[in-house]
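The first residue in the sequence is number 1, and the count goes up from there.
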Amino acid sequence: MRNLKVILLSLVAVLMVSCGTTKTVPITGRQQSLMVSDGDVLSLSTQQYQEFMKTAKLSTNAANIAMVKRVGQNLATAVTNYLNANGMAADVQNFKWTFNLVQNKEANAWCMPGGLICVYEGILPLTQDEASLAIVLGHEIAHAVARHSAEQMSTKIKQQYGMQVGAAVLGGIGVGSNTSSIIQAIAAQGFNFKNLSYSRSHESEADHMGLIFAAMAGYDPQVAVSFWQRMAAASNNQRSEFFSDHPSDATRIKQIQGWMPEALKYYKGNSASTTTTAKSSQKSTPTKATKTFHISTKKK
């Protein structure tokens, strides 16, 4: 019996290695092992994004809509150009960059795999200018470019393999079909990209990459410090369990300051990067940071 357990554990390791793909995260150079293809992830995220947009109420503020799309596209162009120039075009070749601003008072923004981005109006009083909005969007785009969602899904698949390996081996189930069935099972369990909670390491990596992406697009990365200070102040009295995996306020700001010299190497300046947020077409009140997908600062 003991020998059988050893054999099964060995088969688990072989199975995970054989069907995994090693990728390198841009900017940080971190190696990651993925169990799902870009096609699988993008198909699921596109479906979820379309479903969300069917019920979302789009913003009616033309100036802010234009600003979100402008800043988003500037970032998308800069990121795509950088990846193309560094032999990593495949990382975004299937992205369908989309930027929508919706009527929601939460200080929130998120990006699904494939460059499908949604910004809530409630975060604009905190960004205050285009450069700070670029910090937010850069962070969200970084999650997608770094395939953090695929890593989360891969973790779930590895857990499923660990539980099912006995049956898979004894029943002679093929690796390909088993992987496909597990992906479908995960999707059926409600794997929601919009509400996905990333690890602290993923959040820090997105901060790092996003800071540089903003600089590449011509936005002053130095505004990141004051933006996160505003976020920390706004969220001080309104915490959520969704924030538990984010770095603490002090840690996040200290890390950003440490990455600043690197980011400034990419910053060439842009006169449009200090444009302030247009006034809302609705009555504006001070906004506090509420439950968010990524943009948050709660300590664990």
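Follow the hydrophobic side-chain contacts under 4.5 Å out from Y266 and you reach M88 in the same cluster. One hydrophobic cluster, built from ILVMFWY side chains closer than 4.5 Å, holds both W259 and V79. When the side chains of ILVMFWY residues are joined at heavy-atom separations under 4.5 Å, either directly or via intervening members, I123 and W228 end up in a single hydrophobic cluster.
Of all heavy-atom pairs between G210 and A142, the closest is N-CB, 3.9 Å. Of all the heavy atoms in L211 and I256, the pair that sits closest is CD2-O, 3.9 Å. Scanning both residues, A134 and L75, for their nearest heavy atoms gives O-CD1, 3.7 Å. Closest of all the heavy-atom pairs between T80 and W97 is OG1-NE1, 3.7 Å. The two residues Q152 and S197 have their closest heavy-atom pair at NE2-O, 3.5 Å. In terms of heavy atoms, L137 sits closest to V68 at CD1-O, 4.1 Å.
Using cut-offs of 30° and 60° for the angle between ring planes, the Y198 and H143 rings count as parallel. Classification of the W110-Y120 ring pair by plane angle, with boundaries at 30° and 60°, yields perpendicular.
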Pair D91, R147 - check side-chain contact (heavy atoms from CB on, under 4.5 Å), show working. CA-CA 9 Å; D91 288 2; R147 295 183 173 90; 3.2 Å; yes
side-chain contact (heavy atoms from CB on, under 4.5 Å) for V145 and L83? Distances and angles first, verdict last. CA-CA 10 Å; V145 172; L83 296 176; 4.2 Å; yes
Begin from the C-alpha positions of S132 and Y219 and carry the test side-chain hydrogen bond (donor to acceptor under 3.5 Å, both in side chains) through to its verdict. CA-CA 8 Å; S132 295; Y219 297 98; over 6 Å; no
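Rounding to the nearest 0.5 Å gives a distance of 11.5 Å between CG of D40 and CG of L34. To the nearest 0.5 Å, atoms CD (Q47) and CZ (F52) are separated by 15.5 Å. Between atom NE2 of residue H139 and atom CD of residue E205 there is a gap of 11.0 Å, rounded to the nearest 0.5 Å. Atom OG of S59 is separated from atom CG of N104 by 11.5 Å, given to the nearest 0.5 angstrom. Taking CD from Q257 and CD from Q255, the interatomic distance works out to 10.5 Å, rounded to the nearest 0.5 Å. Between the CD1 atom of I65 and the CD atom of E121 there is a distance of 8.0 Å, given to the nearest 0.5 Å.
S226 places a side-chain N or O within donor-acceptor distance of the main-chain N or O of V223, the cut-off being under 3.5 Å. Remark: side-chain polar atoms of R30 are not paired, donor with acceptor, to backbone N or O of V25 under 3.5 angstrom. Counting only distance, with no hydrogens or angles, the side chain of Q73 and the backbone of F99 share no donor-acceptor pair below 3.5 Å. When atom types are taken as modelled, the side chain of T127 and the backbone of L124 share a donor-acceptor pair closer than 3.5 angstrom. In this structure, S204 contributes its side chain and S201 its backbone to no donor-acceptor pair below 3.5 Å. Using a distance-only test at 3.5 Å, with no hydrogens or angles considered, no donor-acceptor pair links the side chain of T98 to the main chain of L116. With hydrogens and angles disregarded, a donor-acceptor distance shorter than 3.5 Å links the side chain of Y49 to the backbone of I117. Using a distance-only test at 3.5 Å, with no hydrogens or angles considered, a donor-acceptor pair links the side chain of Q48 to the main chain of F193.
Using a 4.5 Å cut-off on side-chain heavy atoms (C-beta onward), I27 and Y82 make contact. Side-chain contact check for K69 versus N100: some heavy-atom pair is nearer than 4.5 Å. Between N86 and P26, the closest side-chain pair of non-hydrogen atoms is not below 4.5 Å. The side-chain heavy atoms of R70 and M67, taken from C-beta on, include a pair separated by under 4.5 Å. You'll find the side chain of L58 reaches within 4.5 Å of the side chain of M53, heavy atoms only. Side-chain contact between P221 and L264: present, with at least one pair of heavy atoms (C-beta onward) separated by less than 4.5 Å. At least one side-chain heavy atom of M260 sits less than 4.5 Å from a side-chain heavy atom of Q222. With contacts defined as side-chain heavy-atom distances shorter than 4.5 Å, the pair R230/Q128 qualifies.
Defined by atom type and a distance below 3.5 Å, a donor-acceptor pair is present between the side-chain atoms of Q31 and T24. Neither side chain, E203 nor H148, offers a donor N or O lying under 3.5 Å from an acceptor on the other.
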